[in-house]
Amino acid sequence: MGRRLKSVWVYHVDAGSCNGCDIEVLDVLSPYYDLERLGVKVVPNPRHADALFITGPLTRQTRIMLKKAYEAMPPKPRIVVAIGTCASSGGIFYNSYALYNTSPQRGRDRLRSGGPEMIVPIDMYIPGCPPSPEEILYGVAQLLGIKEKKMKGEYWIALPPKETPKAENEVEFRIPNRPIPLRYWLTLREELRRVIGYYDREAVLNDFIELVDRAFKESPENPREKLHDLVTGYFLKEKDSRVGFAMRFLENEFWRLYDEYRSLGEALRKKYPVTAGV
């Protein structure tokens with residue numbers, strides 16, 4: 001991609017998108033934006049394509065089709081462009097059961113991963129939900145070497161709490177003040193999405209965190225039993241059965257994470273004298 005490309009033949013693959021990005025790609029090909037004036041032509045066969053335009057988060061049904069299309073392309077230049085947020089990272093569906101995602105940290109408190117990058121290397125990302133035709137044109141112009149990047153990468157270093165920054169790219173890392181550790185909260189929040197959805201998960205999780213805080217304050221010797229009693233009382237008062245089920249689910253997940261992270265922390269402390277973030 002470092003050299004100037006005079007023309008690019010493109011093959012478009014829909015890897016499970018909602019068709020929002022596909023419509024914008026078609027819009028770019030219309031006479032109004034006229035992508036062909038830049039030397040870009042859509043071809044019906046990947047064997048003739050220099051570049052692969054991918055839209056969608058990569059479902060389990062489309063992964064084989066995408067892999068075959070990529071392997072059918074000529075070996076050079078074989079450029080892959082991910083168009084849209086879903087193709088760039090899996091989007092809001094990155095943790096869905098329907099997607100093909102081989103990340104070992106899937107669904108945990110890590111940066112989200114997903115999309116076609118699970119099986120093919122991505123050379124250029126054009127994020128957006130969906131990206132506008134102008135954004136797609138700008139990305140293609142960079143691909144052809146017609147336009148230079150307007151943005152440049154920045155590197156920031158997160159310092160431990162209460163440590164004074166000494167350089168311009170150093171910032172103090174602030175952990176939100178919550179009754180439970182941040183990584184517990186992040187993991188429970190993601191897991192709860194599968195049980196109760198996006199709309200109600202914040203309110204249910206906040207109620208559960210309050211119960212956890214009460215359990216550890218009122219019964220520091222035996223918080224498990226106290227939390228179970230509090231969740232049972234909440235369950236009996238709650239009229240919505242979905243919320244009651246979600247609270248039971250959170251109780252089991254919380255103690256699973258508690259045991260997992262505590263054993264991990266003890267193992268790290270034996271190996272290293274000082275361990276941060278566990």
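What you see below is based on every heavy atom in this structure, not just the backbone, and it leaves out hydrogens, waters and symmetry mates.
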List the atom pairs, with distances to 0.1 Å, where a side-chain N or O of residues 230-237 and a protein N or O form a donor-acceptor pair under 3.5 Å, not counting sequence neighbours.
unit_1 : atom_1 : unit_2 : atom_2 : d
Thr232 : OG1    : His228 : O      : 2.7
Thr232 : OG1    : Arg248 : NH1    : 3.4
Thr232 : OG1    : Arg248 : NH2    : 3.1
Tyr234 : OH     : Asp207 : OD2    : 2.9

Tell me if a side-chain donor or acceptor on [X] pairs with a main-chain N or O of [Y] at a distance below 3.5 Å.
{"X": "Arg189", "Y": "Leu205", "result": "no"}
{"X": "Asp213", "Y": "Ile209", "result": "no"}
{"X": "Asn45", "Y": "His48", "result": "no"}
{"X": "Asp123", "Y": "Val81", "result": "no"}
{"X": "Arg63", "Y": "Leu58", "result": "no"}

Residue pair [X] / [Y]: nearest heavy atoms and the distance that separates them:
{"X": "Leu257", "Y": "Tyr184", "answer": "O-OH, 3.8 Å"}
{"X": "Cys129", "Y": "Thr85", "answer": "N-OG1, 3.9 Å"}
{"X": "Pro116", "Y": "Ala87", "answer": "CD-O, 3.1 Å"}
{"X": "Ile126", "Y": "Gly139", "answer": "CD1-CA, 4.0 Å"}
{"X": "Gly84", "Y": "Cys21", "answer": "CA-SG, 3.7 Å"}
{"X": "Pro75", "Y": "Arg78", "answer": "O-CB, 3.5 Å"}

_For Thr59, side chain to side chain contact (heavy atoms under 4.5 Å, CB included) partners two or more places apart_ = Gln61, Thr62, Leu99
*side chain to side chain contact (heavy atoms under 4.5 Å, CB included) with Asn222: which residues, sequence neighbours excluded?*
Ser219, Arg224, Glu225
_Heavy atoms from other residues, nucleotides or ligands near CZ of Phe216 exceed 12 (cutoff 6.0 Å)_ = yes
*What do you reckon, is CZ of Arg37 surrounded by more than 12 foreign heavy atoms closer than 6.0 Å?*
yes
Flag the pair [X] / [Y] as yes when at least one side-chain heavy-atom distance between them is below 4.5 Å, and no otherwise.
{"X": "Pro130", "Y": "Ile23", "answer": "no"}
{"X": "Val13", "Y": "Met65", "answer": "yes"}
{"X": "Val43", "Y": "Val10", "answer": "no"}
{"X": "Met124", "Y": "Gln142", "answer": "yes"}
{"X": "Leu38", "Y": "Leu137", "answer": "yes"}
{"X": "Tyr70", "Y": "Pro121", "answer": "yes"}
{"X": "Cys86", "Y": "Phe93", "answer": "yes"}
{"X": "Lys217", "Y": "Lys226", "answer": "no"}

*Name the one of Asp27, Ile83, Thr55 that satisfies side-chain contact (heavy atoms from CB on, under 4.5 Å) with Asp22?*
Thr55
Charged N to carboxylate O under 4.0 angstrom, [X] versus [Y]?
{"X": "Glu210", "Y": "Arg214", "value": "no"}
{"X": "Glu71", "Y": "Lys68", "value": "no"}
{"X": "Glu36", "Y": "Lys41", "value": "no"}

*Starting from the C-alpha separation in whole Å, work towards a yes-or-no answer on side-chain hydrogen bond (donor to acceptor under 3.5 Å, both in side chains) for Tyr138 and Glu134.*
CA-CA 6 Å; Tyr138 176 65; Glu134 291 81 6; over 6 Å; no
Going from [atom1] on [X] to [atom2] on [Y], what distance comes out if it is rounded to the nearest 0.5 angstrom?
{"X": "Trp185", "Y": "Asn206", "atom1": "CH2", "atom2": "CG", "value": "8.0 Å"}
{"X": "Thr187", "Y": "Arg256", "atom1": "OG1", "atom2": "CZ", "value": "8.0 Å"}
{"X": "Leu250", "Y": "Leu192", "atom1": "CG", "atom2": "CG", "value": "5.0 Å"}
{"X": "Tyr100", "Y": "Ile64", "atom1": "OH", "atom2": "CD1", "value": "9.5 Å"}
{"X": "Glu253", "Y": "Phe208", "atom1": "CD", "atom2": "CZ", "value": "9.5 Å"}
{"X": "Arg201", "Y": "Leu188", "atom1": "CZ", "atom2": "CG", "value": "11.5 Å"}

*Please state whether the rings of Trp255 and Tyr258 are parallel, tilted or perpendicular, taking 30° and 60° as the class boundaries.*
perpendicular
_Close aromatic pair by centroid cut-off 6.0 Å: Tyr11 and Phe53_ = no
